Amino acid sequence: MKAAAFDYIKPKALAEALSLLAEAGDDGQLIAGGQTLLATLNMRLSEPSILIDISNIDELKGISLLGDQLRIGALVTHTEIEDSQLVAQHAPLLKAAAPHIAHRAIRNLGTWGGSLAYGDPAAEWPACSLTLNATMIIAGPRGERRIPAQDFFIDLYTTALEPDEILIATEIPIATSNQVMYFHELARRHGDYAIAGLAAVAEKRGNVLSHCAFTFFSVASTPLMAIKAQGLVDGKPLTEELIASAVAAAKSEIDAIADITNSVETKRHLIGVLLERGLKHLIA
Ligand SMILES: Cc1cc2nc3c(=O)[nH]c(=O)nc-3n(C[C@H](O)[C@H](O)[C@H](O)COP(=O)(O)OP(=O)(O)OC[C@H]3O[C@@H](n4cnc5c(N)ncnc54)[C@H](O)[C@@H]3O)c2cc1C
C-alpha cells in the first residue's frame, strides 16, 4: 500500500513547529526519523493531511552534560547514543541497550524522542528512561513542562504528550561511580523486537545492591518497574534465597499480557529468567 496524499513542511525552529502543529490540529502529525511513522502511513494506519518534519530543528539536537544531568535532545539518533562518549560514561545502560534496537540502518535515522513519544511497550528507550529516572521536557502552546518518566507512559502507544506538544529533550541523572547495570532482552533474532526484556541499574557495595531499578519491557502495555522485587533486594546481602524471593515477587507483581505468539505464562517465566540472570550479573 501507499500513503494517502499529504502536505509536507519542514520548519527550522521549535516555535514555528509548535504553531504549525497548533494550526493543523488533528490533521497534523510530526515526523522525526520516520522509522515508525512511514510504515504506519504506508499501511494507512495514520492519515494526516499535513506532515510537520521536525528533523531540521537545532533546539532538539545534541547530547550534553548539564551539571549532574545528561541531556539528550529528542532528535538524537539511536546510533548517536550508541557511539556517544558522554552516554558511555554517564548513562552506560543506554549504550548497552542501543545495539538491540533493530539494525544499524534504522538506528541511523530513528530518534530517541520518536521512540519515547511513540510509547511502544516493546521498545528499549521507554524502559531505559524509566530505569534511569529520566525527566521528559515537553514544549507546547502553554509553555514548557517536565514530566518524570514514571508518569509519561500511560498505556499502549499512549504517553502524557498532548497532540499539540513536542518532546524536546530528556534529562537523566548521571550514573554514580558504584552504579552497576544490566540490559538484556530475549528475542528470536538479534534486531527483532524483544519477547521480554529487562533494563536494570543498582548501586553495589560488596554483595549488597541498593537504589535498585528493574524495568521489564515487552511484557505489558507499558514498561513496568518491579517495585516489590526492588524493595526486597534493596540494602540486603544478595543470597540465593533473596534472588529466589525477588524473582517470585517480580513474576507475581508484573501484570503480564500475551502477544500474538507468546502466552502470559511464557512472559511470566521470562520475567523470572531475566531477573535471576540480571541479579547475578549485577552482583558479580
Ligand atoms: C524494521 C524495524 C525494526 C524496528 N525495531 C525496533 C526495535 O527493536 N526497538 C525499538 O525500540 N524500535 C524499533 N523500531 C522503531 C525505531 O526505533 C523508530 O526509530 C522509533 O520507534 C521512532 O523514532 P523515529 O524518529 O523514527 O519516529 P517517527 O517514526 O518519525 O515518529 C514516531 C511517532 O512519534 C511522533 N514523534 C516523533 N518525534 C516526536 C517528538 N519529538 N515529539 C512528539 N512526537 C514525536 C510522531 O508524530 C509519530 O507519531 C524499528 C523500526 C523498523 C522500521
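As the structure lists them, so they are numbered: ligands from 1, and atoms in each ligand from 1. What you see is a predicted model; the values in this text were computed from it and never measured.
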Close N or O approach (Leu167, ligand 1; < 3.5 Å): yes
Exercise: do Ser218 and Glu185 side chains pair donor with acceptor under 3.5 Å: no
N or O pair under 3.5 Å between Gly113 and ligand 1: no
Sub-4.0 Å heavy-atom contact, His103 with ligand 1: no
Which residue and heavy atom of the protein sit nearest atom 53 (C) of ligand 1, plus the separation: Gln35 O, 3.2 Å
Heavy-atom nearest neighbour of atom 7 (C) of ligand 1 within options Tyr193, Tyr118, Phe217: Tyr193
Parallel, tilted or perpendicular: ring planes of His281 versus Tyr182, cut at 30 and 60 degrees: tilted
Residue of the set Thr261, Asp259, Thr266 for which side-chain hydrogen bond (donor to acceptor under 3.5 Å, both in side chains) holds with Ser263: Thr266
Nearest protein heavy atom with distance in Å, relative to atom 36 (N) of ligand 1: Ala117 CB, 3.9 Å
Over 12 foreign heavy atoms within 6.0 Å of NZ, Lys12: no
Sidechain N-carboxylate O distance under 4.0 Å for Arg145, Glu165: yes
Close approach of His78 to ligand 1, heavy atoms, under 4.0 angstrom: yes
Distance filter under 4.0 Å to Leu161 heavy atoms, resulting ligand 1 atoms: 43 (C)
Short N or O distance, Leu30 and ligand 1, threshold 3.5 Å exclusive: yes
Heavy atom of Leu60, distance to ligand 1 below 4.0 Å: no
Heavy-atom proximity to atom 28 (P) of ligand 1, best of Gly34, Ala169, Pro126, Ser218: Gly34
Identity of the nearest option to atom 21 (O) of ligand 1, non-hydrogen atoms only, from Thr36, Ile57, Leu21: Thr36
N/O separation below 3.5 Å, Ile106 to ligand 1: no
Top protein contact for atom 34 (O) of ligand 1, by heavy-atom distance: Gly114 O, 3.7 Å
Ala39 touching ligand 1 at heavy-atom level, < 4.0 angstrom: no
Among Leu21, Ile52, Leu18, the one residue meeting side-chain contact (heavy atoms from CB on, under 4.5 Å) with Pro11: Ile52
Whether Phe183 and Phe217 hold their rings parallel, tilted or perpendicular, with breakpoints at 30° and 60°: parallel
Nitrogen or oxygen of Glu124 less than 3.5 angstrom from that of ligand 1: yes
Student check: side-chain heavy atoms of Ile81 and Trp125 closer than 4.5 Å: yes
Protein contact of atom 19 (O) of ligand 1 - nearest heavy atom, named by residue and atom, plus distance: Gly110 CA, 3.0 Å
Ala102 neighbourhood, listing ligand 1 atoms whose heavy-atom distance to it stays under 4.0 Å: 3 (C), 4 (C), 5 (N), 6 (C), 7 (C), 8 (O)
Close approach of Ala187 to ligand 1, heavy atoms, under 4.0 angstrom: no
